[in-house]
Amino acid sequence: RNNKLEIMHVDKIGGADDALFNVDYLQFAQSGVHIHDCLYYYFSNPKSYSHIQKVEKIDMFPLQYEQFKLRIAKYEKDESYNVALAYRIYIQSFGAFIIGTTSGLTKKDSKAALQKYMNQQYLKDILPLVSYKKFTWLFKPFFKGIKKGRLGFCLKYIRLATWYRGRKAK
């Protein structure tokens, strides 16, 4: 209350509102406790946030990046926070591709939207800080494709993954 913490509305920045709040909250927390129970479960389902997103939300991803960068500067965090942010953005590319391929666009429009995403300067800026080799064998090819700028490969990978997920759900 004293620090005037607020959760930004998801429509203002297109997501990451919970993570941004956590960064603020943890900055001012004076104590903590470890519990064995999980407090947050994310279930993938057809009505989940990542499944109902419109491709326009991808255009808001740089706003999230800017908000994280502002907090890193505001709280005078070290370089490890920039690396953590770089990985967050890198992992977010997976979500961008899911949104881009499942939001009802034609393949041509989907490809154009994702090409625009891959051309974003903030994404290009983080790529030298991350490594696809840190991911499991299942995800490594996708993240290698992002790092190397291989749009066509990443599209095929995500389409196969979403096809498989749909088939497995039946």
Side-chain angles (χ1 to χ4, degrees), residues 8-23 37-69 80-170:
M8 296 181 82
H9 195 278
V10 68
D11 291 337
K12 185 175 180 181
I13 56 171
D17 47 310
D18 53 347
L20 288 162
F21 176 80
N22 288 340
V23 169
D37 297 324
C38 182
L39 295 177
Y40 185 80
Y41 288 101
Y42 180 83
F43 293 101
S44 182
N45 68 67
K47 293 185 180 183
S48 72
Y49 185 76
S50 63
H51 287 80
I52 59 171
Q53 290 303 301
K54 301 293 182 219
V55 75
E56 294 82 20
K57 290 287 184 183
I58 296 171
D59 292 336
M60 298 177 89
F61 286 179
L63 299 175
Q64 297 168 24
Y65 177 74
E66 290 170 17
Q67 288 296 319
F68 280 107
K69 289 296 279 185
S80 65
Y81 279 76
N82 285 311
V83 173
L85 175 57
Y87 273 98
R88 186 184 201 306
I89 299 304
Y90 197 36
I91 292 167
Q92 187 179 49
S93 64
F94 194 83
F97 271 75
I98 290 176
I99 292 168
T101 57
T102 62
S103 61
L105 294 177
T106 65
K107 283 187 177 185
K108 181 181 176 184
D109 289 343
S110 174
K111 185 175 183 177
L114 291 167
Q115 182 66 65
K116 179 181 171 189
Y117 166 75
M118 288 188 73
N119 287 335
Q120 293 272 349
Q121 190 60 47
Y122 84 103
L123 181 61
K124 291 178 180 180
D125 289 346
I126 63 98
L127 291 177
L129 301 174
V130 296
S131 171
Y132 60 85
K133 295 175 182 175
K134 296 193 180 273
F135 293 91
T136 66
W137 64 269
L138 184 62
F139 294 102
K140 199 176 288 185
F142 174 81
F143 290 109
K144 182 178 182 180
I146 293 293
K147 183 118 175 161
K148 305 242 180 223
R150 297 181 57 208
L151 174 67
F153 175 82
C154 292
L155 278 168
K156 287 178 186 173
Y157 181 97
I158 289 294
R159 287 185 181 128
L160 178 63
T162 54
W163 171 83
Y164 180 74
R165 180 175 64 181
R167 183 180 163 122
K168 190 174 179 182
K170 291 180 183 180

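For the numbers below, each heavy atom of this structure counts, side chains included, while hydrogens, waters and symmetry mates do not.
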Rounded distance (nearest 0.5 Å) linking atom CE of M60 with atom NZ of K12: 10.0 Å

Whether over 12 other heavy atoms sit under 6.0 Å from F153 CZ: yes

Taking C-beta and beyond as the side chain, do I126 and N82 meet within less than 4.5 Å on heavy atoms? no

Measure the spacing between NZ of K124 and CE of M118 and express it to the nearest 0.5 Å. 9.5 Å

Within the 4.5 Å heavy-atom criterion, are I158 and F94 side-chain neighbours or not? yes

Look at the aromatic rings of Y117 and Y122 and report parallel, tilted or perpendicular, splitting at 30° and 60°. perpendicular

For Y132 together with F142, are the ring centres under 6.0 Å from each other? no

Within the 6.0 Å centroid threshold, strictly below: Y157 and F143: no

Going by an N to O cut-off under 4.0 Å, is there a salt bridge joining D125 and K69? no

In the structure I gave you, are the side-chain heavy atoms of R159 and S110 within less than 4.5 Å of one another anywhere? yes

Got Q120 and F61 here, is their nearest side-chain heavy-atom distance under 4.5 Å? no

Below 4.5 Å, heavy atoms only, C-beta onward: do K54 and I99 meet side chain to side chain? no

